[in-house]
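The chain is numbered in sequence order, starting from 1. Keep in mind the model is a prediction, meaning the values are calculated, not measured.
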Amino acid sequence: MLKRKLSVVLIISLILTLTFPYFITSVTSSSGFITINSRTATTPGQQIVAGGNVNLYFGGVTWTGDRAFLILGTDNSPSASSGYVYTPSFSVYDIADADVIHTYTSGLDSWIVGNYWVNGTIPATVAPGNYYIKVFDDVSSRTAVTDTYLTVNAITYNTTLNVSPSAGPGGVPLTFTGSGYPAGAQVSIQYYDQTFNYWRLMTETTADANGRISVNSVAPDLRKSLSGYDCTETYTQIQYRAQTAGVPGSIYSYANYNEYARGLKTVGDQTAYGLFGNGTNLQSVKTMTGDTIVIEGKWFHSRDQIYLRWDSDTIAGTVTSDEWANAKIIGSTSSSINGSFRTTVTIPQTAYAGEHYIAIEDSETRITVKIFVSKAHLQISPASGPGGADVQFTGSLYPANTPINIYYLDSSFNTWNYWASTTSDSTGRISFNTKIPDLNKAGYSGESNGSTAISFCTEIGSFPYAYADYTQFWRGLKQVGNTVASYGLFGDGTNLSLQVNVRPGDSLRVLGNWFHSNDIIYIRFDNTPIIGTSYFPGTVTSDDWLNAQILGTTTTNAAGSFETTVTIPQTSGGAHYIAFEDSERILSIAINVTAPINPPPSPTPTTTAQPTASSIPTTTPIPTSRPPMPTSSIDLSCISTVTGGNFRVNINGGVSLNGNPLSDESVLISYSVTGGRTWESLTLVQTTSDGSFAAAWMPSVTGDYLIKATIEATQTTAAAEKTINMALTPDNPENPESNVFTLNSNSTIRQFTFNPDNKTLSFTAEGPTGTAGYVNIYIPKAVLNNISTLKAYIDNSEVVTFSSKSIGDSWLIILSYTHSIHTITLELDNESSLNNPSDSGMNWAMYAVVIAVVLAVVAVAVGVILLRRKR
């Protein structure tokens with residue numbers, strides 16, 4: 001009988017123990033709404049400075065427990081699972097007490113409680129933003145919440161921050177000074193890491209009794225180097241800020257430091273106009289084994305050890321980064337406080353002839369440049385001129401009586417091509433005459449001076465021995481009619497129709513320079529008015545010129561110059577092209593012809609045609625269709641960032657023909673804010689050896705733009721252009737770096753907006769129905785930490801798959817669709833977490849469950865023990 005009673009007791013204990021947590025969590029805790037600075041509804045837009053006081057009214061709150069504390073959170077859910085506790089525990093009876101005022105304190109903060117009011121401090125350490133206040137008085141997760149949010153602003157002070165020096169290299173000593181700070185305040189100096197979009201601590205100091213600060217630090221090294229050519233010195237702006245140490249919302253002042261990118265001013269006998277950047281091909285630096293050359297650098301790490309390393313004694317070309325660590329050191333020096341140095345190095349005697357890399361290395365990074373090393377001498381005379389010129393090659397220190405081949409470097413394809421052969425004499429000398437290859441270069445449209453250096457190499461067997469350069473100048477016209485080029489030459493495609501105006505029968509004097517040496521020049525006339533384009537009055541194709549009317553011929557001298565006069569033929573009025581053709585290339589320019597106005601012809605009597613006995617129908621010839629000119633392909637993209645509060649758009653792209661990159665192509669970058677009705681030019685850039693181009697632009701406003709890259713037509717290729725839509729979101733003045741979005745698309749983009757409250761990006765895309773459309777959206781990682789949380793919708797239907805790629809500080813999101821009118825929405829990560837887990841971890845429901853489980857285990861254990869004793 002006793003056993004049965006014990007069994008019943010155990011069962012009842014287990015039931016009570018297991019159901020007790022559910023009973024606790026089902027109890028209704030505080031509910032209703034808290035109002036701010038009012039007994040009734042809160043006026044929207046309430047604002048307070050961090051550390052200030054706010055009045056909260058709890059007359060509409062229903063209580064369950066007898067103790068309560070306040071939670072500061074970013075959401076208005078009735079849950080205590082987010083936010084953090086910022087007050088001590090208040091007595092609910094004190095809050096409702098209408099007779100006595102009660103005061104609570106915690107550190108420097110205080111609260112006055114009574115008559116359903118809690119008047120007190122908002123933490124000075126809270127970051128600026130929108131917050132809801134909740135009251136928690138029981139183990140339940142349900143809370144009462146303010147009926148609207150409260151905006152907390154940062155503490156502002158009339159302070160200054162200065163950095164000295166304000167520009168220089170990485171690693172330079174800096175002194176930060178300022179005034180207007182609270183006396184005795186702990187002030188931290190931070191810099192903005194653009195790579196990770198993060199403010200990093202540099203140093204801390206304490207304001208003196210007069211509110212002044214002065215502290216020393218060192219500029220972080222961004223490890224920047226200039227690009228691989230002779231380019232202008234550039235810098236990256238580093239932003240510094242001062243704020244209360246440990247208080248994210250109390251930012252006082254900002255200051256900027258311009259950190260210059262590394263580069264080399266001198267390498268051997270070559271001096272840069274700006275600086276030689278990392279990877280520069282200095283094919284013009286020709287040196288011998290055993291020679292000593294000068295190397296001068298700027299903006300390297302301040303007061304640092306500089307090592308100069310040689311790629312190898314046995315290879316031609318560069319080595320990997322790991323191999324550089326063990327490469328031969330051929331010199332060392334130290335940089336000055338501003339990162340400059342000048343030193344000399346000796347080319348190893350054991351080096352093979354050919355191309356070699358020298359690495360210039362400080363403690364943070366390295367710059368490499370390519371030079372050419374010879375084991376023998378080679379000279380060209382003359383050393384400059386036109387294509388096809390007669391020159392003499394001479395040299396010494398070659399093996400005696402040995403066959404020697406001469407190659408030249410084709411800059412268009414970066415290949416070494418065979419050119420001539422000779423044999424050294426018994427003393428190891430060479431001497432022979434030949435013609436220079438013609439690179440078929442002509443000046444660009446307009447007035448300019450251009451030249452290309454041709455590198456020549458002597459080889460014995462398959463081993464290089466010596467190098468020399470010949471500078472080939474580009475074709476151009478010095479004078480057309482009475483119009484004379486003032487500083488250079490008129491290049492191919494130059495429009496002189498506004499300056500040169502002639503009539504049929506007029507004589508036209510023309511002077512040309514740097515055409516093929518000792519060559520016949522044919523002067524041809526298009527004889528047809530040209531239909532204008534957006535850049536030139538027009539042109540004719542290369543095949544047209546072969547059959548065009550020849551106005552005259554002349555012959556160039558040894559220097560490629562000519563002077564002649566031609567007569568304008570009878571033709572219709574308008575813009576016309578004249579072409580100047582040597583054996584290698586055609587150069588054309590546009591002029592204007594004014595045709596005489598003839599009186600209308602007198603009417604003649606009409607005669608009736610008489611039929612002939614045997615009429616033969618006339619066959620109209622069918623014109624032969626000409627093959628279309630090949631068109632280059634252009635890639636174009638844009639991405640924006642914010643630097644110093646200003647938008648910066650990086651425009652990148654590439655040019656190719658049949659899959660091969662095109663170098664030295666002129667690309668005009670322009671933009672439109674009128675939907676393409678009008679265009680404004682931004683810049684003209686040249687493609688590099690890999691066909692790429694780049695430009696930077698700082699637009700003054702956000703909005704929708706069209707960006708266009710254009711290549712002009714040449715004698716061998718048609719004109720090409722690529723246009724994309726670009727949209728920039730308005731910046732967030734509280735944190736401009738956090739939501740800078742860039743969109744590129746072949747669609748027309750409208751209503752491009754970002755809602756920071758729910759982290760939703762939306763826009764409409766429109767294009768010709770049935771065609772393929774795409775959008776490329778760059779989203780900062782600062783606002784989208786985890787790409788897996790992104791959801792994309794087209795016309796409210798979720799896109800199951802989309803492409804994403806990590807690009808520096810941003811995610812590149814690629815969406816494809818079939819054109820019509822679409823509404824596209826991207827939901828970014830909007831998950832919230834506890835701001836202070838140590839303070840807000842008071843999840844009493846979880847504690848109740850744990851306690852219930854423990855009680856259940858104890859009850860079972862006690863029951864088992866009692867049963868065993870009774871047995």
I'd like to know if [X] pairs up with [Y] as an ion pair, taking the criterion as any Lys NZ or Arg NE/NH1/NH2 lying under 4.0 Å from an Asp or Glu carboxylate oxygen.
{"X": "Asp438", "Y": "Arg585", "result": "no"}
{"X": "Arg475", "Y": "Asp582", "result": "yes"}
{"X": "Glu233", "Y": "Lys298", "result": "yes"}
{"X": "Glu361", "Y": "Arg366", "result": "yes"}
{"X": "Asp362", "Y": "Arg262", "result": "yes"}

Distance only, no hydrogens: is a donor on one side chain within 3.5 Å (strictly under) of an acceptor on the other, for [X] and [Y]?
{"X": "Asn405", "Y": "Ser421", "value": "yes"}
{"X": "Ser445", "Y": "Glu712", "value": "no"}
{"X": "Ser451", "Y": "Gln472", "value": "no"}
{"X": "Ser583", "Y": "Asp519", "value": "yes"}
{"X": "Thr415", "Y": "Asp410", "value": "no"}
{"X": "Glu459", "Y": "Tyr418", "value": "no"}
{"X": "Asp469", "Y": "Ser284", "value": "no"}
{"X": "Tyr470", "Y": "Ser455", "value": "no"}

Approximate separation, where rounding is to 0.5 Å, of [X] [atom1] and [Y] [atom2]:
{"X": "Gln239", "Y": "Asp193", "atom1": "CD", "atom2": "CG", "answer": "12.5 Å"}
{"X": "Arg309", "Y": "Ser332", "atom1": "CZ", "atom2": "OG", "answer": "10.0 Å"}
{"X": "Phe562", "Y": "Leu511", "atom1": "CZ", "atom2": "CG", "answer": "7.5 Å"}
{"X": "Leu668", "Y": "Thr683", "atom1": "CG", "atom2": "OG1", "answer": "8.5 Å"}
{"X": "Asp221", "Y": "Phe300", "atom1": "CG", "atom2": "CZ", "answer": "10.5 Å"}
{"X": "Leu308", "Y": "Thr346", "atom1": "CG", "atom2": "OG1", "answer": "11.0 Å"}

Which residue pairs pass the side chain to side chain donor-acceptor pair (under 3.5 Å) test with at least one member in residues 375-392, sequence neighbours excluded?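 Output for this query lists Gln379-Thr394, Asp390-Lys435, Gln392-Ser431.
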Paired with Ile293, the side chain to side chain contact (heavy atoms under 4.5 Å, CB included) test is passed by just one of Thr343, Ile358, Thr266, namely Ile358
Candidate list Asp690, Ile634, Val655, test side chain to side chain contact (heavy atoms under 4.5 Å, CB included), partner Leu662, passing option: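 Testing Leu662 for a side chain to side chain contact (heavy atoms under 4.5 Å, CB included) against Asp690, Ile634, Val655 leaves exactly one candidate, Val655.
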Pick from Phe372, Tyr467, Phe393: which one makes a ring-ring contact (aromatic ring centres under 6.0 Å, His included) with Phe456?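 Answer after filtering Phe372, Tyr467, Phe393: Phe393.
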Side-chain heavy atoms of [X] within contact of [Y], under 4.5 Å:
{"X": "Asp664", "Y": "Tyr444", "result": "yes"}
{"X": "Asn518", "Y": "Thr555", "result": "no"}
{"X": "His356", "Y": "Trp310", "result": "yes"}
{"X": "Leu264", "Y": "Ile367", "result": "yes"}
{"X": "Ile295", "Y": "Thr333", "result": "no"}
{"X": "Asn338", "Y": "Val172", "result": "no"}
{"X": "Ile521", "Y": "Thr556", "result": "yes"}
{"X": "Met288", "Y": "Leu397", "result": "yes"}

Would you please classify the geometry between the Tyr260 ring and the Trp299 ring as parallel, tilted or perpendicular, with 30° and 60° separating the classes?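 The rings of Trp299 and Tyr260 lie parallel, inter-plane angle below 30°.
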Could you tell me how the ring of Tyr257 sits relative to the ring of Tyr240: parallel (under 30°), tilted (30 to 60°) or perpendicular (over 60°)? perpendicular
Might you work through the salt bridge (charged side-chain N to carboxylate O under 4.0 Å, His left out) test for Glu296 and Arg342, ending with a clear yes or no? CA-CA 4 Å; Glu296 181 180 2; Arg342 182 182 176 90; 3.0 Å; yes
For Asp230, what residues pass the salt bridge (charged side-chain N to carboxylate O under 4.0 Å, His left out) criterion, not counting sequence neighbours?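 Per chain and number, Asp230 pairs via salt bridge (charged side-chain N to carboxylate O under 4.0 Å, His left out) with no residue.
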Using the ring centroid of each side chain, check whether Trp416 and Tyr407 are separated by less than 6.0 Å.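 Judged by ring-centre distance (under 6.0 Å), Trp416 and Tyr407 do not meet the cut-off.
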